[in-house]
Chemist: 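Let me give you the structure first, and then I'll get to my questions.
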Protein chains: 2
Amino acid sequence: MHAHTASRILPSRSSQPEVFDLAPLQPISFFPAGSEIYAQGEKAGAFYQVEFGAVRIYRLLADGRRQISAFHLAGETFGFEADTTHHFFAEAINGTGVRVFRIASGADISRQLLPLALKGLTRAQEHLLVLGRQNAIERIAAFLIDMAERQGGLRQVELPMSRMDIGDYLGLTIETVSRVFSRLKDKGVIRLLSQRSIEIVKQDALQTMSE
Amino acid sequence: MHAHTASRILPSRSSQPEVFDLAPLQPISFFPAGSEIYAQGEKAGAFYQVEFGAVRIYRLLADGRRQISAFHLAGETFGFEADTTHHFFAEAINGTGVRVFRIASGADISRQLLPLALKGLTRAQEHLLVLGRQNAIERIAAFLIDMAERQGGLRQVELPMSRMDIGDYLGLTIETVSRVFSRLKDKGVIRLLSQRSIEIVKQDALQTMSE
DNA sequence: CGGGGCGTTGAGGCACGTCAAAGAGGGTGG
DNA sequence: CCACCCTCTTTGACGTGCCTCAACGCCCCG
């Protein structure tokens with residue numbers, strides 16, 4: 001874990017701020033783009049709250065195939081594990097500020113953690129439906145709607161991650177992701193403002209496609 | 001919820017028995033094959049421990065496509081939710097005995113529930129890798145290994161669910177499931193003892209295929 | 001012994017993956 | 001400030017693994 005502690009506190013864009021009373025003034029660690037926050041097999045014992053930036057949680061197969069199980073944006077919490085070992089990798093996608101909450105041995109924070117764990121469980125199970133039973137257009141539509149909701153439901157949505165990340169999250173190749181984006185653009189459902197920023201033009205059409 | 005309370009307590013085949021001290025003597029409810037334990041949208045407020053039989057947790061798309069997010073065998077616990085509403089359906093696959101633990105309002109059982117929620121979260125995230133990045137043979141191999149481990153690691157594995165259930169769990173059609181079973185049989189990796197019972201002949205080959 | 005659900009097998013099609021090449025940003029150094 | 005370069009993205013042509021549609025087989029239970 002190679003983190004630089006930030007000298008000043010940067011503002012959080014959190015849409016759902018979560019406060020933990022066990023340690024009110026944790027310092028913020030800064031992780032450069034692409035840097036590792038923790039690795040699979042590493043000892044766990046903390047949890048993390050994104051202050052700014054974005055994080056990807058993933059797992060690898062021996063031949064390099066990658067599945068991103070979750071993205072975490074500003075305000076969201078991640079990193080708690082079933083046992084004392086991390087089962088996944090966590091990396092900063094862009095320059096990312098993370099508040100690290102070390103769990104003091106003996107401390108019981110199950111009350112705070114349980115709702116977060118349950119929310120994560122529901123999210124993961126819903127994502128199973130996407131990966132198991134939806135086609136490429138439906139996957140992208142569901143992804144865009146989810147990203148829009150997590151950014152406050154605005155029409156303009158920032159995508160902090162690459163096409164490769166999106167593909168590895170949705171179980172698709174970068175080419176398929178790119179082609180579906182183009183098809184949605186041609187249909188007038190979305191506009192590509194820049195490579196990492198889209199505008200949802202026809203919210204209802206997108207909603208219909210995601211079902 | 002149409003359950004018949006069992007008149008006698010049947011033995012659990014649990015490999016990982018879990019005991020909750022909040023209510024030591026819950027009665028067992030019996031659910032016939034195919035019956036609903038709870039439905040999506042229903043009010044939550046309990047959790048469930050399988051005594052015997054098997055349960056499927058699933059979600060539906062509007063057009064009937066189904067994704068089973070988890071199977072629960074004897075000894076396993078399910079049914080806790082992030083908010084007060086169920087996000088999934090739960091059905092008995094075969095005749096199934098379930099111990100229902102109602103959560104008294106105000107009671108704090110987060111200490112007991114958190115490890116279960118975290119284990120479920122890890123399981124779901126690992127299943128995401130299977131659905132997102134593995135092909136049909138790898139999915140079936142991983143499924144059989146998982147079922148074998150959960151039944152004590154024996155060579156003979158009981159599959160309480162239909163091919164359709166397996167397909168809806170692995171994101172495959174029944175035909176593909178059946179074809180992969182046949183290919184594994186032809187290769188001598190497994191033997192089909194009956195439709196719902198297989199023997200793992202080459203454990204190591206199966207392990208290799210699942211990676 | 002007969003019916004019905006579940007499972008298996010085959011033939012053909014299609015959605016997505018693979019391979020390849022060109023295009024678009026954006027970051028850096030001159 | 002601009003030009004270059006590197007990486008990411010887009011687009012096209014083609015291949016293939018799984019799905020779809022169809023028929024048959026096998027249990028299991030009456």
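Atoms considered below: every heavy atom in the structure, side chains included; atoms not considered: hydrogens, waters and symmetry mates. Each chain gets a letter, A, B and so on, in the order its sequence line appears, and its residues count up from 1.
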Chemist: Salt bridge or not between Glu138(B) and Arg65(A)? Use side-chain N to carboxylate O under 4.0 Å.
Modeler: yes

Chemist: Whole angstroms only, please: what is the CZ-P distance between Arg139(A) and dA15(C)?
Modeler: 14 Å

Chemist: Take the protein atom CD of Glu138(A) and the nucleotide atom P of dC16(C), then report the distance between them rounded to whole Å.
Modeler: 9 Å

Chemist: Specify the separation, in whole Å, of atom CG of Leu159(A) and atom P of dC8(D).
Modeler: 16 Å

Chemist: Report yes or no: does His87(A) contribute a side-chain atom to a donor-acceptor pair with the main-chain N or O of Thr85(A) at less than 3.5 Å?
Modeler: yes

Chemist: Return yes when atom CZ of Arg183(A) has more than 12 non-hydrogen atoms of other residues, nucleotides or ligands closer than 6.0 Å, and no otherwise.
Modeler: no

Chemist: Please give the angle, rounded to 10 degrees, between the axes at the start and the end of the helix from dC1(C)-dG30(D) to dG30(C)-dC1(D), where five pairs define each axis.
Modeler: 40°

Chemist: Show me, pair by pair, the donor-acceptor contacts under 3.5 angstrom made by side chains of residues 168-182 of chain A, not counting sequence neighbours?
Modeler:
residue: Asp168(A); atom: OD1; partner: Arg133(B); partner atom: NH2; Å: 2.8
residue: Asp168(A); atom: OD2; partner: Arg66(A); partner atom: NE; Å: 2.6
residue: Asp168(A); atom: OD2; partner: Arg66(A); partner atom: NH2; Å: 2.9
residue: Thr173(A); atom: OG1; partner: Thr176(A); partner atom: N; Å: 3.3
residue: Thr173(A); atom: OG1; partner: Thr176(A); partner atom: OG1; Å: 3.1
residue: Ser182(A); atom: OG; partner: Ser178(A); partner atom: O; Å: 3.1

Chemist: Test: ring pair (Phe, Tyr, Trp, His ring centres under 6.0 Å). Region: residues 183-211 of chain B. Which pairs qualify, not counting sequence neighbours?
Modeler: none

Chemist: For Arg139(B), which residues count as a salt bridge (charged side-chain N to carboxylate O under 4.0 Å, His left out) partner, sequence neighbours excluded?
Modeler: none

Chemist: Counting only N and O atoms by type, is there a donor-acceptor contact under 3.5 Å from the side chain of Glu76(A) to the main-chain atoms of Leu73(A)?
Modeler: yes

Chemist: Please work out if Ser178(A) contacts a base, only the sugar-phosphate, or nothing of the nucleic acid, heavy-atom cut-off 4.0 Å.
Modeler: base

Chemist: With the sugar-phosphate defined as primed atoms, P, OP1 and OP2, and the base as all remaining atoms, what B/S/- string results for nucleotides 12-30 of chain D, 5' to 3', for protein heavy atoms under 4.0 Å?
Modeler: BB----SSBB---------

Chemist: Rounded to whole Å, please give me the gap between CD1 in Ile198(A) and C1' in dT10(D).
Modeler: 17 Å

Chemist: Identify the heavy atoms of Leu118(B) and Ala117(A) that sit nearest to each other, and give their distance.
Modeler: CD2-CB, 3.9 Å

Chemist: Measure the distance from CZ on Arg196(B) to P on dC6(C) and round it to the nearest whole Å.
Modeler: 8 Å

Chemist: How long is the line joining CD1 of Ile166(A) and C1' of dC8(D), in whole Å?
Modeler: 12 Å

Chemist: Between Leu131(A) (CG) and dC16(C) (C1'), how many Å, whole number?
Modeler: 15 Å

Chemist: Restricting to pairs with a member in residues 199-211 of chain A, which pass side chain to side chain donor-acceptor pair (under 3.5 Å), not counting sequence neighbours?
Modeler: Arg191(A)-Glu199(A)

Chemist: In whole angstrom, what separates Ile174(A)'s CD1 from dA21(C)'s C1'?
Modeler: 13 Å

